[in-house]
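These notes concern the structure reproduced below.
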Amino acid sequence: MRPGNPEALQQPYDPARVEARWYAVWEERGVFKPGGSDAPAPSGKATTRPFVITMPPPNVTGSLTMGHLLGESVRDCIVRWQRMDGRETLYLPGMDHAGIATHNVVEKKLRAEGRARHQIGRDAFVKEVWAWKEQYGGLIFRQERRVGISPDWSRERFTLDPAYSEAVLGVFKTLYDKGLIYRGRYIVNWCPRCRTALSDEEVDRVETQGHLWYVRYPIKDSDRSVTVATTRPETMLGDTAIAVSPKDTRYTKLIGRTAVVPLARREIPIVADIMVDPKFGTGAVKITPAHDANDFQTGLRHDLPQIVIMDEGGVMNDAAGDFRGLDRFEARKRIVAALEDAGYLEKVEPHTHSVGHCSRCGTVIEPYLSLQWFVKMAPLAAAGIEAAKKGKVKFFPSRWKKVYLNWMENIRDWCISRQLWWGHRIPVWYRGEEMVVSLTAPEGDGWRQDEDVLDTWFSSWLWPFATLGWPEKTSDVERYYPNSLMVTGSDIIFFWVARMIMAGCEFMGEAPFPHVMFTSIVRDAQGRKMSKSLGNSPDPLEMMERYGADAVRFTMVYLTPAGQDLLFDEKRLETGKFFANKMWNAAKLVQMRLGDEDLGKVKESALTLTLADRWILSRYANAVKDITRNLKTYRLNEAANALYHFAWNEYCDWYLEFAKSRWPEDDAIADDAARDDRRTARWVAWKVLDGILRLLHPFMPFVSEELWQALPHDGELLATAAWPRSRKAWVDAAAEREIGFVQELVIAVRNLRAENNIPPGKRVPVSVRGPAETLDAVERLASQIVPLARIDVLTLARDGSRPAVAASAVVGRAEVFLPLEGLIDLDEERARLAKEADKLLGDLEGARKKLRNVDFLNKARPEIVEKERTRLAQLEETLEKLKRAQAALLGA
RNA sequence: GGGCGCUUAGCUCAGUUGGUAGAGCACUUGCUCGACAAGCAAGGGGUCACUGGUUCAAGUCCAGUAGCGCCCACCA
């Protein structure tokens with residue numbers, strides 16, 4: 001046992017001072033490294049299975065948001081708990097190069113400096129991005145440490161680390177060799193501003209109020225025409241057919257005829273195709289294979305030409321004839337006008353449809369025909385689907401399983417090439433018609449590497465094992481794969497979680513983690529997700545400055561409901577701040593009263609525990625069980641709640657108040673019994689506080705460590721001390737019942753005082769009347785009751801008498817009287833009693849009705865019926881007593 | 001077009017096998033009694049969105065309705 005430091009707890013509590021102290025200590029002592037825990041393993045638990053969790057690597061694009069902070073708080077809470085529980089823990093940190101996102105912010109920065117990436121060239125640009133990474137990566141690093149998370153920093157990874165990059169490129173080659181990666185000209189989501197292809201997941205669909213333009217296409221060698229409806233009239237310049245449904249009798253005669261594209265005056269065939277819905281629009285569809293995914297497929301079926309009419313910036317090209325050089329939206333306007341002028345526009349209808357936008361810059365996506373690399377996903381998804389169905393991967397909350405499966409079962413191929421410079425350059429080499437997939441340049445001259453880089457997620461989907469040194473057969477891979485848990489936001493379930501599961505199954509033969517826990521999405525007051533791009537997240541560092549890291553951590557976890565979003569309001573951080581302060585002061589009180597006894601030498605068996613002691617130990621055992629159970633099921637908010645209320649409302653509000661009268665100064669000690677009782681109170685107060693600090697540590701690591709060190713403590717650091725176990729021997733239902741009665745009695749007296757405006761400092765006489773066994777109990781508990789209720793003389797009215805004029809209340813089977821003739825306001829007291837009685841009557845009626853119900857008596861569980869009977873008797877007795885009290889006041 | 005979530009105190013939200021409705025903030029009243037005013041004590045405030053069903057018993061389970069929000073989908 002180490003002595004506490006009595007100088008430590010200065011007033012007032014200053015989080016900044018405390019929080020500056022411990023992080024370096026933990027790091028120096030290697031607490032964060034696997035095996036850094038010296039906590040004894042709980043008996044019966046295998047120590048060989050480590051607890052492994054990786055940090056979802058934040059983007060290097062900027063600073064963290066409150067959303068990140070929630071994730072970090074949740075993860076670290078679980079990690080610290082597991083570490084204290086005796087598991088070897090690995091928490092692996094890192095960062096993501098975040099391809100497009102970073103690319104864009106650096107490009108923006110260059111633009112602000114009057115430079116452009118194409119001017120400075122690829123190498124110089126990449127250098128700029130690395131410089132940016134150093135700057136902002138450093139900021140994120142500082143933020144993460146400030147929150148107090150406990151990862152093994154020596155294993156920090158970046159997705160562009162040389163070894164990691166090699167793993168990424170190796171995976172490309174492996175999948176290519178297996179035929180799961182292919183290159184081809186297909187319609188992709190193209191962002192004309194970023195000038196790159198995107199995956200389906202990187203496109204945000206936005207309901208947009210647009211128009212449906214009905215355009216008349218003349219039929220060749222006829223004076224008739226066919227009308228088609230379109231939302232993007234500018235694409236007509238790339239039309240290569242008109243399609244109708246084969247079942248649509250209106251158009252049967254037209255199939256095989258030739259139509260003329262207005263303005264372009266190009267002749268195109270009219271074909272029958274199953275993709276056409278006769279009920280939509282006119283039932284005739286213009287086909288633009290190079291600018292629409294559906295039309296592309298139709299085009300293949302009918303062997304239609306593909307005419308690309310725009311360049312990579314969304315500007316109309318030579319194929320657009322008179323409209324060349326116009327931006328696509330300007331072209332739309334001009335084309336509509338030209339159609340109208342020429343009499344080809346039949347009508348315009350308002351039309352709401354969803355339009356794809358680039359999730360990075362908001363630009364309207366252009367379906368664009370281009371040569372890209374793809375991953376064939378269905379074969380990879382199969383194992384991921386099975387893993388979830390067989391329960392190898394479980395989601396918390398479980399409803400996400402359905403979302404996951406739905407996406408996986410309808411998975412589409414993944415476009416992984418990006419026309420950017422920041423990222424893993426595609427390991428493919430070309431020379432004329434030759435193409436080689438290789439991590440290094442092929443032998444010989446004239447080879448030119450693919451210009452594109454890979455989608456960021458093509459590297460981060462390997463995170464659970466590439467961070468461990470894979471594909472090398474490292475001991476880390478051996479020991480730490482699969483990981484134990486993934487904690488992340490549901491917003492990246494497809495981007496990342498699903499793909500990690502697929503990659504794990506494919507390359508490691510096993511899902512990367514058995515559990516996925518989704519944290520709340522943190523939203524602002526308007527319900528918008530907090531994000532860097534919106535700039536609606538408070539600065540985490542500022543929040544921690546203002547409230548303390550402990551407070552921010554605790555509050556975020558305390559507030560996060562399992563499976564629901566979290567509407568963040570800065571004011572809520574006070575909850576954590578005030579709680580930390582409360583714990584500080586409670587510890588200060590206990591420390592002041594501990595004296596110089598070596599509590600480590602005290603044996604529980606040698607102590608005579610009072611009722612209050614047995615009660616708090618019982619409540620403590622219960623709290624440990626409750627908190628641990630909630631942690632195990634990832635209901636961290638419930639765990640935080642239980643801890644908060646046990647520590648504050650039971651330990652501070654009641655137990656410490658009970659204990660106060662038992663630890664007087666030495667010169668006030670009357671005899672050995674009093675001395676023993678003082679020692680008992682000291683030991684229990686310390687023991688339970690020690691437990692509270694252990695329970696608190698995962699939530700508030702700094703202040704709990706500080707307080708633990710200030711008190712006598714067993715072991716070097718709280719961070720590696722053992723997680724408390726719930727001791728069955730401490731569970732004491734009788735003590736809980738009896739203290740329950742004491743509390744009710746004390747509250748009743750306090751209430752009588754308050755209602756009658758008796759100053760809190762003034763001691764009052766109290767008389768209690770009731771059955772003998774109740775009075776015996778009151779007598780036995782008097783030492784607990786008297787100081788808390790501020791009673792001067794406690795009279796047990798065994799003769800059944802009551803003061804003539806008194807305020808009264810009913811507690812259990814007893815009546816409590818405040819005999820204060822002349823002091824109490826009789827009218828107010830009468831009104832209060834009447835109101836009480838009124839409330840009781842309602843409850844009473846309900847209970848009676850229930851117990852008259854034969855079905856209830858026969859079908860409800862016997863203990864429920866018994867409980868109801870007891871309750872009814874209680875209510876009746878109470879009402880009776882209230883009535884007597886009312887009668888007594890009548891004559892006064 | 002599918003799927004999911006939410007609707008509980010003035011506000012923001014908890015509520016884990018159905019068994020007397022909870023917290024924080026806000027509000028009222030009173031407290032510088034030897035840890036804490038970032039506090040203590042006492043209190044007011046809710047037909048748990050609506051309708052129906054299952055059940056002895058529903059905030060909790062089922063079905064439907066309304067409003068809000070989210071996700072998915074090749075809505076020319």
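Computed from a predicted structure; not experimentally measured. Below, read A as the first sequence line, B as the second, and so on, with proteins coming before strands; counting in each chain starts at 1.
Nucleic acid contact class of A/E409 (heavy atoms, under 4.0 Å, all strands): none.
For A/E868 and B/A57, a side-chain-to-base donor-acceptor distance below 3.5 Å is absent, hydrogens and geometry of angles not being considered. Scanning atom types as modelled, no donor and acceptor separated by under 3.5 angstrom connect the side chain of A/K571 and the base of B/C25. Residue-to-nucleotide contacts include no donor-acceptor pair under 3.5 Å from the side chain of A/D855 to the base of B/C56. Looking at A/K660, its side chain comes within 3.5 Å of the base of B/A35 through a donor and an acceptor atom.
Rounded to a whole angstrom, the distance from the P atom of B/G64 to that of B/G45 is 38 Å. Distance noted for atom C1' between B/C11 and B/G19: 31 Å (whole Å). Separating the C1' atom of B/G15 from that of B/U8 is a span of 9 Å, rounded to the nearest Å. B/G69 and B/U12 are spaced 15 Å apart, taking the P atom of each and rounding to whole Å.
As a whole-Å value, the separation of A/K859 NZ from B/A57 C1' is 11 Å.
Cation-pi geometry between A/K347 and A/Y214 is satisfied (NZ or CZ under 6.0 Å from the ring centre, within 45° of the ring normal). In this structure, A/R332 forms no cation-pi arrangement with A/W213, as its terminal cationic atom is not both closer than 6.0 Å to the ring centre and no more than 45° off the ring axis.
Salt-bridge annotation for A/E876 and A/R848: present, with a side-chain N of the basic residue lying under 4.0 Å from a carboxylate O of the acidic one. A salt bridge links A/D248 to A/R250: one of the charged nitrogens lies within less than 4.0 Å of a carboxylate oxygen. Look at A/K577 and A/E574 and you find no salt bridge, because none of the NZ, NE, NH1 or NH2 atoms lies under 4.0 Å from a carboxylate O. Using a 4.0 Å cut-off between charged side-chain N and carboxylate O, A/E706 and A/R17 make no salt bridge.
Contact between the side-chain N/O atoms of A/R412 and the OP1/OP2 oxygens of B/A73 is found at a separation under 4.0 Å. Not one side-chain nitrogen or oxygen of A/K849 sits closer than 4.0 Å to the OP1 or OP2 atom of B/C56.
Ring-plane geometry between A/F374 and A/Y186 is classed as perpendicular, the angle between the planes exceeding 60 degrees on a 0 to 90 degree scale with a lower cut at 30.
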Taking N or O atoms only and anything under 3.5 Å, show me the protein contacts with nucleotides 59-64 of chain B, one pair per line.
none

Can you list the steps and then say if A/Y217 with A/D239 is a side chain to side chain donor-acceptor pair (under 3.5 Å)?
-> CA-CA 11 Å; A/Y217 283 48; A/D239 286 353; 2.5 Å; yes
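Sequence order on RNA chain B of the closest nucleotides to A/V285 and A/K402 puts A/K402 first from the 5' end.
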Fill in the dot-bracket string of RNA chain B, one character per base: . for unpaired, | for a pair to another strand, ( ) or [ ] for pairs within the strand, taking Watson-Crick or G-U pairs under 3.5 Å.
-> (((((((..((((.....[..)))).(((((.......))))).....(((((..]....))))))))))))....
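Side chain of A/R593, nearest nucleotide from B/A76, B/A35, B/G24: B/A35.
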